[in-house]
Amino acid sequence: MKRLVMVGVGATQLSLLEGLAAGHVKAAEPVLISPVSAYVHDGMLPGWLAGRHDEAAMSADLAQLASRAACRYLEAGIRRLDAG
């Protein structure tokens, strides 16, 4: 197994976190790095602006999601990657 480093948060990272939590994805050391602490589903923004959704319905706490997936979470940005 290899280390899985996820940079930023979007649909792909959320899917990987879900797979890790369910045991469908295996990684020796999964790590999620994001400069923000919450994921906001941008597809729900029009509904939020129209008053149909509240902020809690369209956002997710990244530390909590990572914890469920047994994934280390770092609230930080990155400047470069060194695959070595």
Side-chain angles (χ1 to χ4, degrees):
M1 286 190 275
K2 296 183 179 184
R3 178 179 300 142
L4 173 65
V5 178
M6 297 171 277
V7 178
V9 181
T12 301
Q13 290 83 356
L14 292 176
S15 181
L16 283 168
L17 288 171
E18 182 180 356
L20 287 163
H24 302 302
V25 176
K26 305 286 186 207
E29 185 186 338
V31 180
L32 174 64
I33 303 169
S34 175
V36 296
S37 62
Y39 169 77
V40 177
H41 190 292
D42 57 355
M44 295 178 74
L45 284 173
W48 177 73
L49 289 170
R52 292 190 302 270
H53 307 297
D54 63 5
E55 187 176 342
M58 57 185 268
S59 65
D61 181 277
L62 296 179
Q64 189 176 57
L65 291 175
S67 177
R68 281 190 223 142
C71 177
R72 186 166 55 134
Y73 169 65
L74 301 172
E75 187 175 337
I78 62 165
R79 293 191 181 163
R80 66 178 180 263
L81 292 175
D82 181 355

For [X], which residues count as a side chain to side chain contact (heavy atoms under 4.5 Å, CB included) partner, sequence neighbours excluded?
X: Ser15; value: none
X: Asp42; value: Leu45
X: Ala60; value: Leu65
X: Ser59; value: Val40, Glu55

Are Tyr39 and Val25 in one and the same hydrophobic cluster, where Ile, Leu, Val, Met, Phe, Trp and Tyr link if side-chain heavy atoms are under 4.5 Å apart?
yes
Would you mind reporting whether [Y] and [X] have side-chain heavy atoms less than 4.5 Å apart?
X: Leu20; Y: Met6; value: yes
X: Asp61; Y: Ser37; value: no
X: Val9; Y: Leu32; value: yes

For [X] against [Y], the heavy-atom pair lying closest together:
X: Ala70; Y: Pro30; value: O-CG, 3.5 Å
X: Ala76; Y: Ile33; value: O-CG2, 3.3 Å
X: Leu4; Y: Ala27; value: CB-CB, 3.8 Å
X: Leu74; Y: Val31; value: CD1-CG1, 4.1 Å

To the nearest 0.5 Å, tell me how far Asp54 CG sits from Met44 CE.
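The distance works out to 8.5 Å.
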To the nearest 0.5 Å, atom NE2 of His53 lies from atom CH2 of Trp48 at 11.5 Å
Going by the side chain to side chain donor-acceptor pair (under 3.5 Å) test, which pairs reach into residues 62-84, not counting sequence neighbours?
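Every pair satisfying side chain to side chain donor-acceptor pair (under 3.5 Å) with a residue in residues 62-84: Glu29-Arg72, Gln64-Arg68.
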